[in-house]
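Below: the structure, in C-alpha cells.
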2 protein chains.
Amino acid sequence: MRKVTMADVAKLANVSKSTVSQYLNKRYEYMSEETKRRIAEAIEELQYRPNVLARSLKQKSTATIGVIVFNILHMLTTQVLRAIEDMCQQHDFHVIVCNTDDDPEKERKYIDMLWAKQVDGFIIFPTGKNVELYKKMQEARLPLVFVDRTVAGIDADSVLLHNERAVQLGVQYLIEQGYKHIGLVAPPFAPHVIPRTERIEAFHHALRDHGVSVEKEWVITEHVKRIPERLEALFNSNKLPEAIFAINDLTLMEVLAFVKKHQLAIPNDLAVISIDDVPFASIYTPSLTTIAQPTFEMGKIAAERLFMQMNGETSPQMFRLAPMFIERDSAKKRGEKNESSCHRS
Amino acid sequence: MRKVTMADVAKLANVSKSTVSQYLNKRYEYMSEETKRRIAEAIEELQYRPNVLARSLKQKSTATIGVIVFNILHMLTTQVLRAIEDMCQQHDFHVIVCNTDDDPEKERKYIDMLWAKQVDGFIIFPTGKNVELYKKMQEARLPLVFVDRTVAGIDADSVLLHNERAVQLGVQYLIEQGYKHIGLVAPPFAPHVIPRTERIEAFHHALRDHGVSVEKEWVITEHVKRIPERLEALFNSNKLPEAIFAINDLTLMEVLAFVKKHQLAIPNDLAVISIDDVPFASIYTPSLTTIAQPTFEMGKIAAERLFMQMNGETSPQMFRLAPMFIERDSAKKRGEKNESSCHRS
DNA sequence: TTGTACGCGTTATCAC
DNA sequence: GTGATAACGCGTACAA
C-alpha cells in the first residue's frame, strides 16, 4: 500500500499535477467545475493527504517552532507553554517541546537539531551558557525569544518577571504587617540565573530601603536539598526569623515541610510569603500569601513577539511583567486573630 | 545572505555533492584524509547546516512524534509527557505537543495536520470521539498509542491505570480504618471517559463487596463547579459521610476547599483519600493519603510501544498499570491520636 | 575514491 | 483553464 501522492491523484482525475496543486491551494479562478469535481473525487477515493514536508521544503517554512525549557514539570514552564501553544494553535503552528534540565550541552544539541529541522523560530528558557550559539542564531536571523532569563551580551526579545518589584511587594507587605526579622530562602546564588540573582539582590535592597538590617544567618541561599538543615540549625539555636520569604515554589515547599515537621503556627510562629502562586495556596491552612507571576501573559507575549519577528523586522525588546500580589493569611500581622491559622500546643 | 546548501560546501571544497553527503553520513571508508579535511573546513567556514527536511522527504522519516493531550496543565499529562520526551531524547526524536481541551474537533485537526507533517507516530490521550479517524490511522499503519483512555472498537496499544484496583485499594483501606459511611466525588458520568466510568463503577462494586451499601446522596458525580453546592447541601442537612473518596486531583481540591471553609478536622470530621498524588500531599496538614498513578512509567511504556511499532510489527496490547497506595494521615482511623491533624473548636 | 543523474512530493513560472 | 518543466536540498545507485 504505497503512499499516494499528487501524481496519483492527477492520473486518476485525468489532469496534471499542477492542476491538482492549484486546486489544493484554492486557486480556483480559472478552473472548470468539472475539473474541480473530478479532483475532489480522486482525492476522496485515494484518501490522498498532501505531504507538508515537500511543501515546506519548497516554501521554506515549517509552521513549527521549538520551545526549549529547563523542565516541563515546573509549573511556570507548563503554564507559559500552554499559553504559547494556544497562540500557535490560532496560527496553525505546531510546538516542539524540549527539556534541557538546565544542561547547556542538551540545550546546544536541541537547538542544533531543531535548527536543522528548519523550525521557524525558538522560544527558549536559556541555560545562558551557549552564548556563541545564541549569537549565531541571531546572525542567521532566526526568530528567537528568551523567557524567564535573559542572556548578557545577547540583544534578543526577552520576557521576564519584574523580579525586583516582586520582592519589593513581598518585603513591603511584611514590614507593614509589623515584621522586622525577615529571612530569605533561595537556591544558591548563580550569576547567570537572572531571576534568582535579581531576587536575592532585591531582597537586600528592599530591607535596607525600609531601614531594616539584613541578618546574614537568615539569608539562606542553598541547594534545595540542603535547605532543611539550614532551617533546622536556626530552629535548634532558637534563632528563627519572624518571617520567611521563599523566592520560588520549590523553596516554599521546603519551608512548609519544615513548618509541618515542627508544627509551627503560620503566621504566629513564622510568617510565610513566596513568589509563585502554587495551586494549593488557597486551600492550604492558613491560606498562603503569594506573589504570582503572570505566566499566561508571559507565554502570550513570547509567542506574539516570535510571530512579529517572523513577519519582518522588529527590534529586540525587554519585557518586564508586573507580579501580582495575592494577599491571603500566611503573612498577616502577628497576634491578629487569624481565622484560618492552626496552632497546637 | 542566502541559505548555504550542500552544493555550496561541495564547490568550496572542490568535490561533488555526493562526497559531501558521504562525509556527513560518516561513510568515510574510501575517503582521503585530504578530502575529509577540506570538506570539514568548508562546512565550518560556511556555517553549513544540513537541511533535515530534505533528508526526511527522501527517507520517509521525520524523527518526530505527535503527542496529543487534553491539557498540558494537568499533572498527569505533564508527567507522562516528561517521560515520553526523555525516551525520545534518547532516540534523537522530537515531540510535538498539542492541547485539545477534550474537543474532538481540535483533536481531528491536530491529527490531520501532524499526519500531513509526516510525523512518525502518535501518542494520544483520546477524546474518543474520532473513531473513524483513529481507524484510518491504523489502516495506514501509522504507529499509535493511547494513554489514559482507550477507545472502544479500536484495537490499539493502550496504557491505562488499573482503575478498578486503584479504587479497591482506597475503599479497602477506608473500611479497614473503620469507615462505613463513604462518599465519592467525581465529575459527571460519561461513558466514553474510561477512567471516570471505571472508577465510579468500581466504587459501587467495592462497597458492595465489603457488604456496605451505597448511599445515593454520597455519590456525587457532578461538574467540578457544582461540587461545592452538593457538599454544602450535605453539610447543611447534617448528612456528611465519614469519609470521602476523590477520584482525581481536581475533585480533591474541591473537597479540601470545602473542608477548609467549614474548618472540618481531617480525618475526624471527614476522612479524605484520593487518586492522584498531588505535590502538596505530604506537606498538607494532615498529610494526604493518596493513590498515585505511575505517571512516568505510563509515559515510558507509551513511548516504548510506539518505537516498537515503528520498528516493525507488534500486536496491539492493553497495559493496565498498578496504582501505588501511599498511606499518610488523612484517612487514619477515627479518634486515633493523629499527630498531624488540626482541629479548632 | 569521486562524480553524475535521478528521485522524493510539492510549488512556481510560463507556455499553450 | 491547463500542462510541462524546473526548482527546493538531500540521498544514493551506478558509472568512472
Side-chain angles (χ1 to χ4, degrees), chain A residues 1-40 42-43 46-64 112-113 115-120 140, chain B residues 1-40 42-43 46-64 113-120 140:
Chain A
M1 194 156 100
R2 224 186 82 274
K3 259 229 148 132
V4 1
T5 90
M6 230 172 64
D8 301 318
V9 177
K11 201 188 300 171
L12 183 62
N14 254 314
V15 295
S16 75
K17 286 196 304 177
S18 346
T19 311
V20 178
S21 176
Q22 312 265 38
Y23 174 85
L24 288 172
N25 293 296
K26 314 212 183 293
R27 306 290 307 159
Y28 298 137
E29 295 154 30
Y30 307 105
M31 201 174 302
S32 70
E33 285 304 320
E34 167 65 9
T35 311
K36 277 202 260 186
R37 200 183 46 68
R38 284 217 315 278
I39 295 179
I43 287 178
L46 296 174
Q47 288 286 321
Y48 165 70
R49 304 175 167 271
N51 182 332
V52 174
L53 228 51
R55 182 192 336 212
S56 291
L57 181 59
K58 186 87 191 166
Q59 301 188 153
K60 292 164 176 356
S61 158
T62 52
T64 305
D112 276 346
M113 294 180 67
W115 195 345
K117 271 191 182 165
Q118 314 295 114
V119 296
D120 294 337
Chain B
M1 194 157 97
R2 224 187 80 273
K3 255 221 154 136
V4 2
T5 94
M6 229 170 66
D8 301 319
V9 177
K11 202 187 300 170
L12 184 61
N14 254 315
V15 295
S16 76
K17 283 197 310 178
S18 32
T19 311
V20 178
S21 177
Q22 313 266 35
Y23 173 85
L24 289 173
N25 292 297
K26 312 213 184 293
R27 306 285 311 155
Y28 297 137
E29 294 153 31
Y30 308 106
M31 201 176 299
S32 72
E33 284 304 321
E34 168 65 9
T35 309
K36 277 203 262 187
R37 201 184 44 71
R38 284 217 313 278
I39 295 179
I43 288 179
L46 296 174
Q47 288 286 320
Y48 167 69
R49 309 178 164 267
N51 182 333
V52 174
L53 229 52
R55 179 192 330 195
S56 292
L57 183 59
K58 184 91 198 175
Q59 300 186 155
K60 291 162 175 358
S61 159
T62 52
T64 305
M113 293 180 68
L114 292 183
W115 195 344
K117 269 190 183 167
Q118 315 296 114
V119 296
D120 293 338

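Throughout, a chain's letter reflects where its sequence line sits, starting with A, and its residues are numbered from 1. Excluded from the calculations below are hydrogen atoms, water molecules and symmetry mates; all remaining heavy atoms, backbone and side chain alike, are included.
For the 3.5 Å distance criterion, the side chains of B:Ser18 and B:Ser21 fail to qualify, holding no donor opposite an acceptor. A donor-acceptor contact under 3.5 angstrom links the side chains of B:Lys117 and A:Thr64, judged on distance only.
B:Tyr48 comes within 4.0 angstrom of sugar-phosphate atoms only, judged by non-hydrogen atoms across all strands, and of no base. Within 4.0 Å (heavy atoms only), A:Lys17 reaches at least one base atom of the nucleic acid. Among the heavy atoms of the strands lying under 4.0 Å from A:Met6 is at least one base atom, whether or not backbone atoms are also near. Residue contacts shown for A:Val15 are limited to sugar-phosphate atoms, with no base heavy atom under 4.0 Å away. Among the atoms of the strands shown, only primed sugar atoms or phosphate atoms (P, OP1, OP2) are found under 4.0 Å from some heavy atom of A:Thr35.
The two atoms that bring A:Asp8 and A:Val4 nearest to each other are OD2-CA, 3.2 Å, heavy atoms only.
For the pair A:Lys11 NZ and D:dG3 P, the interatomic distance rounds to 15 Å; values are reported in whole Å. Following rounding to the nearest Å, A:Asn25 (CG) and C:dT10 (P) show an atom-to-atom distance of 11 Å. When the P atom of C:dT2 is taken as reference, atom CD of B:Glu33 falls 11 Å away, rounded to whole Å. Between the CZ atom of B:Arg55 and the P atom of D:dG11 there is a distance of 5 Å, rounded to whole Å. Between the C1' atom of C:dG9 and the CG atom of A:Asp8 lies a distance of 11 Å, rounded to the nearest Å. Between A:Arg37 atom CZ and D:dG1 atom C1' the separation is 16 Å, expressed in whole Å. Here D:dC10 presents its P atom at 13 Å from CG of A:Leu53, a figure rounded to the nearest Å. Rounded to an integer number of Å, the gap from CD of B:Gln118 to P of C:dG9 is 9 Å.
No donor-acceptor distance shorter than 3.5 angstrom exists from the side chain of A:Lys60 to the backbone of A:Gln118, with no hydrogens or angles considered.
Between the base of D:dA4 and the side chain of A:Ser18 there is a donor-acceptor pair shorter than 3.5 Å.
Annotation: of the two residues near DNA chain C, B:Thr19 and B:Lys58, the 5′-most nearest-nucleotide partner is B:Thr19.
Here the options are B:Ile43, B:Leu12, B:Ile39, the test is side chain to side chain contact (heavy atoms under 4.5 Å, CB included), and the partner is B:Tyr48; only B:Ile43 passes.
Comparing C:dG9, C:dA12, C:dT2 by their closest approach to the side chain of B:Gln22 singles out C:dT2. Taking the side chain of B:Lys60 as heavy atoms from C-beta on, and the options D:dA4, C:dC8, D:dC8, the nearest nucleotide is C:dC8.
Distances shown here put every side-chain N or O of A:Ser56 at or beyond 4.0 Å from the OP1 or OP2 atom of C:dT10. In terms of phosphate contacts, A:Ser21 brings a side-chain nitrogen or oxygen within less than 4.0 Å of OP1 or OP2 of C:dT11. The phosphate of C:dG9 has neither OP1 nor OP2 within less than 4.0 Å of any side-chain N or O from A:Thr5.
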